[in-house]
Amino acid sequence: MESKEVLLLKKALERQKKARNQAEKILEEKSKELYDVSKHLESSNARLQSLLNEKTTELDGVFVNIVDPYVVMDLQFNIIKMNASAVEFLGYDSDKENVNLTGLIHPDFMEYTKESVKSLFEVGTLKNYRSKIFVKDKSEKFIQVNSSLIYDKHRNPIAAQGIIRDITQEMEIKQLLAAQKKELDIIVQNSPLGIVLTVNGRIVKSNKTFQSLIGYTESDLKNMHIENISTAEDTNKSMDLISQMNLGELDHFVINKKYIRKDGSTLWAKTSVNAFKNAEGVVKYQVAMIEDISIERDLEIQKEELLAELEASNKGLQEYAHIVSHDLKSPLRSISALSTWLYEDYKTVLDENGVAQLQMMQEKVEAMDKLIDGILKYSTVSSDTITTSEVDINEVIKEITDIIYIPDHVEVKVIKKLPTILADKTKIHQLFQNFLSNAVVHIENEVGEVNIDCVELDEHWQFSIEDNGVGIPKEYHEKIFKIFQSVGNKERSTGIGLSIVKKIIDLHEGAVWLESEVGVGTTFFFTLKK
């Protein structure tokens with residue numbers, strides 16, 4: 001029989017064995033949990049490392065592929081890292097040499113740069129910093145920099161980064177524009193024309209010339225309205241045109257108007273207005289150029305008055321010519337009748353000399369009659385009597401050669417077909433009839449020739465009438481176109497025909513001249529407006 005002590009010992013050992021087994025089981029479970037956690041941490045670390053590598057690769061790609069120059073610097077602005085664009089732009093490579101950005105700054109921008117750096121450290125960012133620098137080849141470049149500080153995990157600054165943009169061309173353009181603006185301002189201020197900038201009729205800016213013309217200072221004019229220096233009628237006209245301009249119906253207009261000077265006097269001026277539009281086509285303002293036409297306006301008024309007087313005088317002259325023609329022709333007809341009666345009643349009684357005297361009297365009466373007709377025709381040739389239509393010159397020549405006397409030994413030839421022109425048919429008929437009548441009557445050669453030709457010019461038709469007649473001395477080449485001037489046999493000419501020709505050609509905006517050699521012939525040239 002076992003003793004009580006042995007039994008107690010066995011029970012204690014059994015409890016101990018059970019406790020050990022339980023502890024081992026717990027340890028085994030905890031070890032498994034620890035193993036699982038360890039494996040999970042290994043997997044997580046692997047994923048984190050992969051993600052870190054991926055993000056690092058992406059960041060390196062972004063750094064390398066930034067289009068603008070990009071640099072990373074320490075707090076003393078020594079470049080730690082730079083991308084290919086920065087290497088290309090600056091000419092330096094931080095992997096091969098030490099580069100400090102402060103050493104590149106142009107002296108003119110040094111103080112401004114110090115203030116900008118101070119702002120960077122205080123705020124942590126620097127935006128749109130602009131400066132001029134020297135790159136490696138010693139050339140000057142304008143740059144714009146956007147920079148920021150880089151911090152550690154305790155928010156202590158450890159470096160800085162910056163993107164550099166080359167704005168050299170932009171600055172050069174700005175400087176060029178500034179220079180051109182200065183030149184333009186000089187031109188505008190010294191222009192002989194007044195120049196005014198307006199917005200919907202309100203004056204924004206004006207040059208010295210306009211200020212001098214109008215008598216106001218620049219400060220007086222600024223923000224004044226057009227209506228303050230214009231008559232009511234001219235203001236309404238101007239504002240109507242500006243309204244059309246704002247609606248896009250007009251880009252430009254010209255108006256002659258009166259400006260009211262500061263002293264109350266008026267200035268007549270030609271005003272040319274142009275619209276200045278923005279990219280959307282909306283009118284931002286109007287530019288007006290003002291030219292003083294006071295003298296021209298006074299001359300125009302004088303011209304109008306003179307024309308009115310001349311018109312009245314011409315009308316009176318024409319009426320007088322008709323009256324004189326009637327009053328002169330009446331006694332001429334009586335003289336002609338009396339001479340005819342004397343001749344018929346006493347031709348058998350009178351001797352040869354007496355008959356000759358009566359015939360001479362009749363010829364003088366006829367010559368006087370022609371002279372009166374010529375004066376009447378000359379007085380009636382004016383712009384008031386012109387009726388424009390299409391005139392076939394070939395038909396005109398045929399009509400004339402059918403009615404005028406052409407001696408048997410003279411031939412009138414048209415060299416080539418003549419044009420149809422826009423003119424007054426009656427006046428053109430008078431024109432050619434005078435030329436042809438003069439030509440055929442002054443040919444004394446056994447074989448006479450009159451050649452008619454035409455050449456087309458840009459704005460005129462140039463006609464020529466050539467004959468092989470007696471010719472005209474040089475000293476008469478200009479005189480013959482004046483009234484009562486003629487050459488040669490006075491019995492055959494009244495001295496009015498070519499003056500009528502000159503007047504008709506003037507009415508048709510043409511010119512007339514001649515080439516002639518005595519004993520060889522004459523060529524008359526004249527032009528008529530198309």
Side-chain angles (χ1 to χ4, degrees), residues 359-360 362-364 366-367 369-371 373-374 377-378 391-421 423 425-455 461-505 510 512-528:
Q359 289 177 340
M360 189 181 297
Q362 189 70 19
E363 289 174 0
K364 294 295 183 184
E366 289 176 4
D369 188 68
K370 288 180 181 179
L371 180 60
D373 283 339
K377 286 179 182 178
Y378 183 81
V391 181
D392 186 342
I393 304 301
N394 300 283
E395 292 180 2
V396 171
I397 299 300
K398 186 177 185 309
E399 290 171 3
I400 293 170
T401 54
D402 285 344
I403 62 172
I404 67 170
Y405 170 71
I406 300 176
D408 293 338
H409 70 289
V410 176
E411 181 185 6
V412 177
K413 292 191 298 185
V414 176
I415 302 303
K416 60 175 174 286
K417 187 176 180 180
L418 301 173
T420 296
I421 66 173
K425 185 172 183 179
T426 303
K427 300 293 187 292
I428 296 300
H429 198 287
Q430 282 181 282
L431 174 66
F432 279 93
Q433 184 170 329
N434 273 291
F435 274 129
L436 292 175
S437 297
N438 272 334
V440 298
V441 81
H442 288 97
I443 295 175
E444 297 177 353
N445 294 336
E446 290 184 5
V447 178
E449 292 182 0
V450 178
N451 298 320
I452 305 169
D453 200 0
C454 180
V455 176
W461 293 104
Q462 179 179 299
F463 295 91
S464 62
I465 298 176
E466 178 187 11
D467 66 61
N468 62 341
V470 295
I472 301 173
K474 183 73 174 177
E475 61 267 23
Y476 288 98
H477 285 194
E478 291 185 12
K479 290 182 180 179
I480 58 174
F481 294 109
K482 297 177 181 178
I483 194 167
F484 303 130
Q485 297 289 326
S486 62
V487 182
N489 191 340
K490 303 293 183 181
E491 301 296 329
R492 295 186 294 186
S493 175
T494 62
I496 297 177
L498 289 178
S499 61
I500 293 175
V501 161
K502 176 72 166 62
K503 205 170 183 183
I504 293 171
I505 290 171
V512 60
W513 68 99
L514 70 143
E515 295 175 1
S516 184
E517 185 178 346
V518 175
V520 176
T522 302
T523 303
F524 282 94
F525 297 92
F526 62 95
T527 58
L528 300 174

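- In terms of heavy-atom proximity, V414 sits nearest to L418 at CG1-CG, 3.8 Å.
- The side chain to side chain donor-acceptor pair (under 3.5 Å) test applied to S437 returns no partner, not counting sequence neighbours.
- Classification of the F524-F435 ring pair by plane angle, with boundaries at 30° and 60°, yields tilted.
- The two residues E446 and H409 come nearest to each other via the heavy atoms O-CB, 3.1 Å.
- The line from CD1 of I443 to CG of D467 is 5.0 Å long, rounded to the nearest 0.5 Å.
- Counting heavy atoms from C-beta on, the side chains of F526 and L431 come closer than 4.5 Å.
- Minimum interatomic distance between S464 and T523 (heavy atoms only, all atoms of both residues): CB-CG2, 4.1 Å.
- Proximity of T527 to W513: side-chain heavy atoms (C-beta onward) are separated by under 4.5 Å at one or more points.
- The NZ atom of K425 sits 6.0 Å away from the CD atom of E395 when rounded to the nearest 0.5 Å.
- Listed for the S516 side chain is a donor-acceptor partner under 3.5 Å among the backbone atoms of G521.
- The CD atom of Q433 sits 13.0 Å away from atom CD1 of I428, with the distance rounded to the nearest 0.5 Å.
- Using modelled atom types, one side-chain atom of N468 and one backbone atom of E449 make a donor-acceptor pair closer than 3.5 Å.
- Contacts of N445 classified as side chain to side chain donor-acceptor pair (under 3.5 Å), with partners at least two apart in sequence or in another chain: none.
- More than 12 heavy atoms of other residues, nucleotides or ligands shown are found within 6.0 angstrom of NZ on K416.
- Atom NE2 of H429 and atom CD1 of I393 lie 10.5 Å apart (nearest 0.5 Å).
- Pairing each heavy atom of I504 with each of K427, the nearest pair is CD1-O, 3.4 Å.
- Rounding to the nearest 0.5 Å gives a distance of 6.5 Å between OG1 of T522 and CG of L514.
- For the atom pair CD1 (I465) and SG (C454), the distance works out to 10.5 Å, reported to the nearest 0.5 Å.
- Looking at L436 and I452, their side chains come closer than 4.5 Å, going by heavy atoms from C-beta outward.
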